[in-house]
Amino acid sequence: MTPRELAQEEPEFSLGCPGERSWWRRAGLPGGGLAGLAVPSATPYHRNVGCLGVVPQLRGKGLIDEILGEITRVHAAAGPERNTTTTATTHTPMAAAFDRAGYEVTEIRLVLENTDADTDAGPDTDAGPDTDAGPDTHAKTTTATATATG
């Protein structure tokens, strides 16, 4: 998925979540430019960080901490028991930002992707012992869910 496709898809996804549109924020620069966005959200169970980002030319300057802090403050003001977030474990800048903000990893989910060329083969139907280990799989993404408790 291209960055443009993701940018178009994310708001559609966020609008379908239980969170409120009024929570969304633009992260601005003192001179009025755009620094990024904060899209606090919710699941049916907990408040959720949702989506956040820094425009590419400003990454690496610590702005993610400010944006994450704003999302955390929006949720903390409502007094939820938990505020959760999810990121790929390979997305080290985001994982580090969650760690700096005091979020704790509470679970890790491994998503497997089938890489077998013939995925429609069905079950093994030979009469002999099953020596086939099954379709080849590899990790597509690994996500960590982090929680800040209030």
Side-chain angles (χ1 to χ4, degrees), residues 1-121 132-150:
M1 179 175 290
T2 69
R4 181 176 293 278
E5 290 169 333
L6 182 61
Q8 291 170 337
E9 182 179 287
E10 188 62 37
E12 291 174 20
F13 174 80
S14 296
L15 284 169
C17 292
E20 297 178 22
R21 171 66 176 85
S22 64
W23 299 344
W24 296 14
R25 307 278 192 275
R26 282 180 38 132
L29 295 170
L34 179 66
L37 68 130
V39 183
S41 191
T43 70
Y45 312 104
H46 305 288
R47 294 288 183 106
N48 186 276
V49 168
C51 178
L52 68 157
V54 175
V55 297
Q57 63 270 28
L58 296 175
R59 291 182 183 156
K61 300 179 185 298
L63 295 173
I64 198 68
D65 295 332
E66 296 295 325
I67 296 171
L68 178 57
E70 176 63 14
I71 291 173
T72 304
R73 284 187 292 276
V74 165
H75 286 326
E81 182 180 320
R82 291 179 63 175
N83 181 21
T84 64
T85 187
T86 303
T87 192
T89 55
T90 56
H91 190 342
T92 53
M94 196 68 253
F98 291 135
D99 186 54
R100 287 190 303 273
Y103 285 76
E104 295 178 13
V105 175
T106 57
E107 64 185 70
I108 295 177
R109 177 181 64 196
L110 178 63
V111 179
L112 297 176
E113 178 180 59
N114 186 342
T115 60
D116 192 359
D118 185 8
T119 58
D120 295 327
D132 181 8
D136 293 330
T137 58
H138 71 275
K140 183 175 179 184
T141 41
T142 306
T143 59
T145 300
T147 304
T149 55

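For clarity, every value in this text was computed on a predicted model and none was experimentally measured. We use all heavy atoms of the structure for the numbers below, so side chains are in, but hydrogens, waters and symmetry mates are not.
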Write down the atom of [X], the atom of [Y], and the distance for their closest heavy-atom approach.
X   : Y   : result
I67 : A38 : CG2-CB, 3.7 Å
A78 : R47 : CB-NH2, 3.0 Å
V54 : R59 : O-NE, 2.8 Å
I64 : A97 : CG2-CB, 3.9 Å
L63 : A35 : CD1-CB, 4.2 Å
N83 : T72 : ND2-CA, 4.1 Å

4.5 Å side-chain heavy-atom contact, [X] and [Y]:
X    : Y   : answer
W23  : I71 : no
L52  : E70 : no
R100 : L68 : no

Which residues pass the salt bridge (Lys or Arg N to Asp or Glu O under 4.0 Å) test with E66, sequence neighbours left out?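 Residues passing salt bridge (Lys or Arg N to Asp or Glu O under 4.0 Å) with E66: none at all.
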If you measure from OH on Y103 to OG1 on T85, what distance do you get to the nearest 0.5 Å?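 The OG1 atom of T85 is 6.5 Å from OH of Y103, to the nearest 0.5 Å.
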CE/M94 to OG1/T86 distance, rounded to the nearest 0.5 angstrom?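 If we round to the nearest 0.5 Å, M94:CE and T86:OG1 are 11.5 Å apart.
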Donor-acceptor under 3.5 Å (H75 side chain, S41 main chain):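 Judged by distance alone, yes, a pair lies under 3.5 Å.
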